[in-house]
Amino acid sequence: MDALMPAAAMTAEQLRRAVEAQYSSHADDLIAVLRRLTWPGCDVHDLLQEVFVVVLRNARPLVAADSPRAWLYGVAVRVASAARRRQRIRALFRREAAAVTAPRPSVALDPEARATAEVVHRVLAELSAKKREVLVLFELQGLSGPEIAIALGCPLKTVWTRLHHARKDFEEKMVLHG
Amino acid sequence: MDEPAPLSRSAREALSAFGASTRAPLTQAERAAVFRNAARAPRAPRWQLVLLASATASFVIATAAFRFVGARGPEVEVVAARGPAEWKRAGELVTVRAGQVRVAPRTMTKVRTPQLEATVFGSVALFDVTPAGTVLSVEKGEVAWRTRTRSGTVAAGRTMTIAAAPKAVLAVEASAPAVEGCPEGAPGREACLTQRAAGTGLAAEFALYGLAMAARDRGAFGESARLFQSYADRFPAGTFAPEASIGRMVDLARAGQADDARAEAEAFGQRFPEDPRAADVAQWREELP
């Protein structure tokens with residue numbers, strides 16, 4: 001019933017339930033994208049909470065959005081970007097943030113796959129933020145070009161251009177890292 | 001630009017391994033806790049509002065502090081050790097007429113007593129004003145002072161006394177000259193003088209001056225002051241012009257019009273600077289209430 005109701009007419013409780021429904025659907029995907037856009041050891045649970053703090057305070061646009069998934073990814077990308085910025089500032093002042101939680105043990109991977117994953121993490125960290133975001137959203141999260149355009153608030157052609165350069169850079173750096 | 005060419009197979013495999021390593025779903029407990037905490041998170045004030053509030057608060061505090069300090073002017077503490085002190089403050093000028101006034105101003109302040117004018121800045125001084133004179137005691141710092149004839153400084157812990165000068169006595173020295181046809185003591189003399197004063201020439205000048213003197217002899221100081229003014233208006237370079245001015249200022253003071261008397265005394269110094277009574281007039285003016 002809430003889904004059929006215009007967002008503008010919803011009560012606060014109805015909005016909260018609508019957000020909770022989106023949370024249930026996308027929490028795992030969002031925590032994965034946060035993990036992929038940040039650094040090993042980053043407290044992604046905290047970032048996911050931050051994402052939904054933002055969403056709960058701006059619930060109407062989410063509920064009214066054509067693609068709530070893209071909208072949520074957009075918030076997650078911005079939260080991850082802000083976290084990386086804070087991390088850089090802390091590093092600048094030699095106050096490396098201690099990992100609040102240890103990196104979650106990944107799913108069972110053989111040593112070779114684990115080593116490859118670590119190389120990919122380093123390579124992604126070397127990409128520019130814009131390229132990294134597009135690459136992760138498209139290749140790993142499975143978002144379409146139009147959805148990425150919504151999430152990042154940019155034209156579709158920009159998404160394709162960034163993806164083109166991201167793939168190119170990624171391949172080159174992967175070769176360099178062996 | 002449309003969708004670009006896909007990644008190579010090896011790159012896709014590497015990304016796939018990375019994706020698998022970072023795909024760790026939340027447990028049910030974590031899932032519930034994250035949303036619950038997000039829903040309960042206190043609404044942090046937006047940084048723009050915080051900035052605006054801070055700027056507004058700073059502005060208000062700075063303005064209030066500036067106005068408070070500016071409006072208070074010099075800090076003057078009155079010590080009424082000998083009855084209530086008589087003093088007033090106008091801007092950076094503190095005038096002490098009687099009693100003890102302790103001055104500890106934050107800004108440069110002039111303190112004027114009947115005997116001296118002192119400049120107090122960054123110092124603390126006690127002014128004890130009595131009919132005998134002014135005693136200046138400096139408690140802290142240094143105070144510069146001056147009178148009409150002398151100047152100097154008083155250091156902390158020192159005291160200086162300026163005795164009051166003898167009270168100036170102003171008197172109209174010239175008596176009324178004789179006016180033909182209006183003999184002294186004759187009945188109807190003032191009517192006669194009034195008639196002559198309406199005329200012209202020396203007779204009218206003498207008659208007008210005689211009328212003013214007659215009025216002050218009767219104790220009608222308001223009327224005599226007005227007649228002296230009339231004399232000054234009609235005969236500004238007259239024989240009795242200085243006398244008329246002195247008569248007017250004295251009679252105005254007697255009639256309770258101290259401000260007008262002071263103005264007349266100031267004008268006397270400008271109109272008759274060579275008059276030997278100019279210094280007396282200046283001192284008399286200083287002693288006006």
Side-chain angles (χ1 to χ4, degrees), chain A residues 16 19-20 23-24 27-29 31-36 40 44-46 48-57 104-110 112-121 123-124 135-136 138-141 145 156-161 163-168 170-171 174-175, chain B residues 1-70:
Chain A
R16 198 194 71 81
V19 171
E20 192 167 11
Y23 174 77
S24 299
D28 288 337
D29 291 338
I31 204 157
V33 79
L34 289 169
R35 198 173 282 129
R36 290 160 184 169
V44 288
H45 293 83
D46 200 39
L48 182 63
Q49 180 180 317
E50 197 176 325
V51 167
F52 276 88
V53 167
V54 173
V55 171
L56 282 165
R57 287 175 188 166
R104 174 185 293 275
S106 56
V107 292
L109 288 176
D110 60 66
E112 188 180 348
R114 186 185 296 272
T116 304
E118 287 172 3
V119 170
V120 171
H121 215 140
V123 168
L124 286 176
L135 192 69
V136 167
F138 190 89
E139 302 288 355
L140 295 170
Q141 302 302 136
L156 180 58
K157 286 190 175 182
T158 305
V159 172
W160 295 139
T161 305
L163 183 60
H164 167 76
H165 291 291
R167 282 172 169 170
K168 187 164 167 280
F170 180 76
E171 299 237 29
M174 283 300 290
V175 170
Chain B
M1 183 177 186
D2 292 332
E3 184 178 346
L7 285 167
S8 65
R9 184 179 171 187
S10 61
R12 281 205 309 276
E13 287 174 354
L15 269 177
S16 176
F18 172 71
S21 76
T22 51
R23 191 184 305 122
L26 293 162
T27 65
Q28 282 301 322
E30 288 170 341
R31 181 182 290 266
V34 167
F35 190 80
R36 188 176 58 244
N37 292 339
R40 288 179 182 170
R43 181 178 284 272
R46 296 187 176 189
W47 69 269
Q48 294 97 331
L49 293 177
V50 173
L51 193 65
L52 183 65
S54 304
T56 306
S58 303
F59 178 76
V60 168
I61 290 169
T63 306
F66 178 79
R67 291 196 170 192
F68 178 71
V69 172

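Atoms considered below: every heavy atom in the structure, side chains included; atoms not considered: hydrogens, waters and symmetry mates. So you know, we letter chains A, B, ... as the sequences are listed, proteins then strands, and number each from 1.
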In terms of heavy-atom proximity below 4.5 Å to chain B, should [X] be classed as side chain, backbone, both, or neither?
X        : result
A:Leu140 : side chain
A:Gln141 : neither
A:Val54  : neither
A:Phe52  : both

Check your understanding: Parallel, tilted or perpendicular for B:Phe35 and A:Tyr23, by the 30°/60° rule?
Key -> tilted

Check your understanding: Are A:Asp28 and B:Arg23 close enough for a salt bridge, meaning some N to O gap below 4.0 Å?
Key ->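 Answer for the salt bridge query: no.
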
Distance-only criterion, 3.5 Å: show the donor-acceptor pairs between side-chain atoms of residues 9-18 of chain B and protein atoms not counting sequence neighbours.
residue, atom, partner, partner atom, Å
B:Arg9, NE, B:Glu13, OE2, 3.2
B:Ser10, OG, B:Ser8, OG, 3.3
B:Arg12, NH1, B:Leu7, O, 2.8

**Study point:** Among A:Arg16, A:Glu171, A:Met174, residue most engaged with chain B (heavy-atom pairs, under 4.5 Å)
**Key:**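 Top count of heavy-atom pairs under 4.5 Å with chain B: A:Glu171.
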
**Study point:** Top contributor to chain B interface from A:Val33, A:Val55, A:Thr116, A:Asp29 [non-hydrogen pairs under 4.5 Å]
**Key:** A:Thr116

Review point. To the nearest 0.5 Å, how far apart are CD1 in A:Ile31 and CD in A:Gln49?
Key: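 Answer for the CD1-CD pair, A:Ile31 versus A:Gln49, is 10.5 Å.
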
Point to revise | Partners meeting side-chain hydrogen bond (donor to acceptor under 3.5 Å, both in side chains) with A:Glu139 (sequence neighbours left out) | key: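 Result, side-chain hydrogen bond (donor to acceptor under 3.5 Å, both in side chains) vs A:Glu139: A:Arg167.
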
